[in-house]
Amino acid sequence: MAPRFDLIGLITGDLAASLAFYRRLGLDIPETDPDTPHVEARLPGGLRLAWDTVATITSFQPDWTPPCGGHRIGIAFRCDDPAEVDRLYADLTAAGHPGANPPWDAPWGQRYAVVLDPDGNHVDLFAPLS
């Protein structure tokens, strides 16, 4: 039997802030105790997204350090229409999340924007233009 892709894991410096960010994007993430070191949410289609605190990772990988010099992962959320891209970008940046690229009409036929999650990961928002 071949392995199957099952989980994307994010390492976060502020679990509560990261969960709040992704809940704002509509993910159904279970409520957790503030001291919880690991959280998982099942995504449509069965894939899981998980968050681990830095302390959790360093408990079994003591030499771990966060990557620097650029982002290493991109997460994308498809919106229903271009107006939703604009609305989500405005909502997230108004809530204090840095915008990496404000909404624009990309040459590949999508309304596109990029915001940063609380750990600096790029989160793309997009919708078909037509």
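All values reported here derive from a predicted model rather than from experimental measurement.
Contact annotation: the side chain of Leu7 approaches that of Glu40 to within less than 4.5 Å [non-hydrogen atoms, C-beta and beyond].
In terms of hydrophobic clustering, with Ile, Leu, Val, Met, Phe, Trp and Tyr side chains grouped at heavy-atom distances under 4.5 Å, Phe5 and Leu43 are assigned to a common cluster. Linking ILVMFWY residues whenever their side-chain heavy atoms come closer than 4.5 Å, directly or via other members, places Leu92 and Ile75 in the same cluster.
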Going by atom type alone, with no hydrogens or angles, which donor-acceptor pairs under 3.5 Å involve a side-chain atom of residues 26-35 and a protein atom two or more places apart or on another chain?
from  : atom 1 : to    : atom 2 : distance (Å)
Asp33 : OD1    : Asp35 : N      : 2.9

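How far OH of Tyr22 is from CG of Leu49: 7.0 Å, rounded to the nearest 0.5 Å.
The two residues Pro118 and Ala17 make their nearest non-hydrogen contact at CG-O, 3.5 Å. Between Ala127 and Pro82, the closest heavy-atom pair is CB-N, 3.7 Å. Nearest approach of Leu129 to Ala106, heavy atoms of both residues: CD1-O, 4.2 Å.
Remark: of the listed residues Ile11, Thr53, Thr12, Thr12 is the sole one forming a side-chain contact (heavy atoms from CB on, under 4.5 Å) with Ser18. Of the options Leu116, Val114, Leu25, a side-chain contact (heavy atoms from CB on, under 4.5 Å) to Val123 is made by Leu25 and by none of the others.
Asn121 meets the side-chain contact (heavy atoms from CB on, under 4.5 Å) test with Leu10, Ile73, Asp117, Asp119; sequence neighbours excluded. Legend: residues meeting side-chain contact (heavy atoms from CB on, under 4.5 Å) with Ala76, ordered by chain and number and at least two apart, are Asp124, Phe126. Residues meeting the ring pair (Phe, Tyr, Trp, His ring centres under 6.0 Å) test with Trp64, sequence neighbours left out: none.
Screening residues 73-87 for side-chain hydrogen bond (donor to acceptor under 3.5 Å, both in side chains) gives Asp86-Arg111 as the qualifying pairs, with residues at least two apart or on separate chains. For residues 81-106, the ring-ring contact (aromatic ring centres under 6.0 Å, His included) pairs, not counting sequence neighbours, are Phe21-His97, Trp104-Tyr112.
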